[in-house]
Novice: 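The structure that follows is given in the form of structure tokens.
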Amino acid sequence: MYQRILVATDGSTLSKRAVASAIELAATCQAELVALKVVPRYPQAYFEGSIPLSAEEISRVEKQWTESAQVQLKAVEKAAIAKGVQIKAITVKSDVISEAIIAAAKKQKADLIVMASHGRKGIKRLLLGSETQQVLTHSQIPVLVLR
């Protein structure tokens, strides 16, 4: 059925459930799992909503985010290996998470993207946006959304 499944994670509780489901699906299909964590770049300008920091401080913050992402991905790797699933963990830096997920899925030749949806509605969805919705509407690869 599926040969390579990409699961996007942000480390949230809901995302962890999606990861567990993706691992189970990969085990059932004997598919390879690609675990993806998108790390944002630190906003550089005041108009992007950041507090002006020195280049060294920005570098330190981005390094901290990358290290945190790697810890999250190590946990996914450990869970996948325990279920006998072959896994590849990748971290991507991008300001647009949905585009990074789609690009990674294409690059990794995934035949399914698995991700969680927070199920935001109304004003929260308008203000916070929906990366899942963006992936659903722009991906040519099938997307499995878990709530």
Side-chain angles (χ1 to χ4, degrees), residues 1-44 48-50 53 56-147:
M1 185 173 203
Y2 298 112
Q3 301 296 313
R4 186 168 294 127
I5 299 168
L6 182 135
V7 62
T9 183
D10 63 8
S12 67
T13 302
L14 191 56
S15 180
K16 288 176 184 176
R17 284 192 236 148
V19 165
S21 295
I23 291 169
E24 290 295 327
L25 181 59
T28 300
C29 297
Q30 297 180 341
E32 179 184 1
L33 187 67
V34 178
L36 171 69
K37 170 68 176 159
V38 179
V39 179
R41 292 184 175 89
Y42 190 85
Q44 300 288 326
E48 293 179 48
S50 72
L53 296 177
E56 294 83 26
E57 281 295 307
I58 290 171
S59 178
R60 184 188 62 76
V61 168
E62 287 183 338
K63 181 180 178 191
Q64 184 179 10
W65 288 346
T66 300
E67 288 171 355
S68 175
Q70 291 181 356
V71 168
Q72 291 172 14
L73 289 174
K74 284 288 181 194
V76 175
E77 283 181 323
K78 185 177 177 180
I81 290 168
K83 294 283 187 174
V85 173
Q86 184 180 358
I87 184 165
K88 178 178 184 178
I90 57 174
T91 303
V92 175
K93 285 188 179 184
S94 178
D95 294 324
V96 185
I97 295 168
S98 58
E99 288 178 9
I101 292 169
I102 293 168
K106 285 180 185 175
K107 184 176 182 180
Q108 298 299 320
K109 296 181 173 75
D111 24 46
L112 179 68
I113 299 170
V114 177
M115 55 192 308
S117 173
H118 293 278
R120 293 184 185 104
K121 294 180 182 172
I123 194 73
K124 284 185 180 179
R125 181 168 177 213
L126 180 65
L127 294 175
L128 299 174
S130 172
E131 297 301 333
T132 304
Q133 185 66 33
Q134 290 297 315
V135 173
L136 275 169
T137 57
H138 293 95
S139 177
Q140 296 178 353
I141 298 167
V143 181
L144 174 61
V145 179
L146 302 164
R147 285 198 171 185

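Fair warning: this is a prediction, and the values are worked out from it, not measured in the lab. We're numbering straight along the sequence, starting at 1.
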Novice: With a 4.5 Å limit on heavy-atom distance, are the side chains of Lys78 and Lys74 in contact?
Specialist: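 They are not in side-chain contact.
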Novice: Find the distance between CG (Leu6) and CG (Asp111) and round it off to the nearest 0.5 Å.
Specialist: 10.5 Å
Novice: Using the rule given for side-chain contact (heavy atoms from CB on, under 4.5 Å), can you reason through Val92 versus Val39, listing the C-alpha separation, both sets of side-chain angles and the distance that settles it, and then say yes or no?
Specialist: CA-CA 6 Å; Val92 175; Val39 179; over 6 Å; no
Novice: Check the pair Ile5 / Glu32 against side-chain contact (heavy atoms from CB on, under 4.5 Å), numbers first and verdict last.
Specialist: CA-CA 6 Å; Ile5 299 168; Glu32 179 184 1; over 6 Å; no
Novice: Is the shortest side-chain heavy-atom distance between Lys37 and Val76 below 4.5 Å?
Specialist: no
Novice: Hey, could you give me the CD/CD distance between Gln70 and Glu77, rounded to the nearest 0.5 Å?
Specialist: 9.5 Å
Novice: For a side-chain contact (heavy atoms from CB on, under 4.5 Å) with Ile97, tell me which candidate from Leu36, Val38, Ile102, Val135 qualifies.
Specialist: Val38
Novice: So do Val34 and Arg4 actually touch side chain to side chain, heavy atoms under 4.5 Å?
Specialist: yes
Novice: Roughly how far, to the nearest 0.5 Å, is CD of Gln72 from OG1 of Thr91?
Specialist: 9.0 Å
Novice: Output a table of donor-acceptor pairs, distance under 3.5 Å, between side-chain atoms of residues 7-27 and any protein atom two or more places apart or on a different chain; print 'none' if there are none.
Specialist:
{"unit_1": "Thr9", "atom_1": "OG1", "unit_2": "Gly11", "atom_2": "N", "d": "3.2"}
{"unit_1": "Thr9", "atom_1": "OG1", "unit_2": "Ser15", "atom_2": "OG", "d": "2.9"}
{"unit_1": "Asp10", "atom_1": "OD1", "unit_2": "Ser12", "atom_2": "N", "d": "2.9"}
{"unit_1": "Asp10", "atom_1": "OD1", "unit_2": "Ser12", "atom_2": "OG", "d": "2.7"}
{"unit_1": "Ser12", "atom_1": "OG", "unit_2": "Ser15", "atom_2": "N", "d": "3.1"}
{"unit_1": "Ser15", "atom_1": "OG", "unit_2": "Asp10", "atom_2": "N", "d": "3.1"}
{"unit_1": "Ser21", "atom_1": "OG", "unit_2": "Arg17", "atom_2": "O", "d": "3.2"}
{"unit_1": "Glu24", "atom_1": "OE2", "unit_2": "Lys83", "atom_2": "NZ", "d": "3.0"}

Novice: Could you go through residues 138-146 and list every donor-acceptor pair under 3.5 Å that involves a side-chain atom there, pairing it with any protein atom two or more places apart or in another chain?
Specialist:
{"unit_1": "His138", "atom_1": "ND1", "unit_2": "Gln134", "atom_2": "O", "d": "2.9"}
{"unit_1": "His138", "atom_1": "ND1", "unit_2": "Gln134", "atom_2": "OE1", "d": "3.4"}
{"unit_1": "Ser139", "atom_1": "OG", "unit_2": "Ile141", "atom_2": "N", "d": "2.9"}
{"unit_1": "Ser139", "atom_1": "OG", "unit_2": "Ile141", "atom_2": "O", "d": "2.8"}

Novice: With rounding to the nearest 0.5 Å, note down the distance linking CG in Leu112 to OH in Tyr2.
Specialist: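 Rounded to the nearest 0.5 Å, the CG-OH separation comes to 4.5 Å.
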Novice: Stepwise, does the side-chain contact (heavy atoms from CB on, under 4.5 Å) test hold for Lys88 with Ile90?
Specialist: CA-CA 7 Å; Lys88 178 178 184 178; Ile90 57 174; 4.1 Å; yes
Novice: Could you check Val85 against Gln30 for side-chain contact (heavy atoms from CB on, under 4.5 Å), going step by step and ending with a plain yes or no?
Specialist: CA-CA 7 Å; Val85 173; Gln30 297 180 341; over 6 Å; no
Novice: Check Ala116 against Thr132 and note the closest heavy-atom contact, atom names and distance.
Specialist: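 For Ala116 versus Thr132, the nearest heavy atoms are O-OG1, 2.8 Å.
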Novice: Taking the side chain as everything from C-beta on, heavy atoms only, tell me whether Gln86 gets closer than 4.5 Å to Leu33.
Specialist: no
Novice: Holding to side-chain contact (heavy atoms from CB on, under 4.5 Å), I want the full list of residues that pass it with Ile81, two or more places apart in sequence or in another chain.
Specialist: Ile87
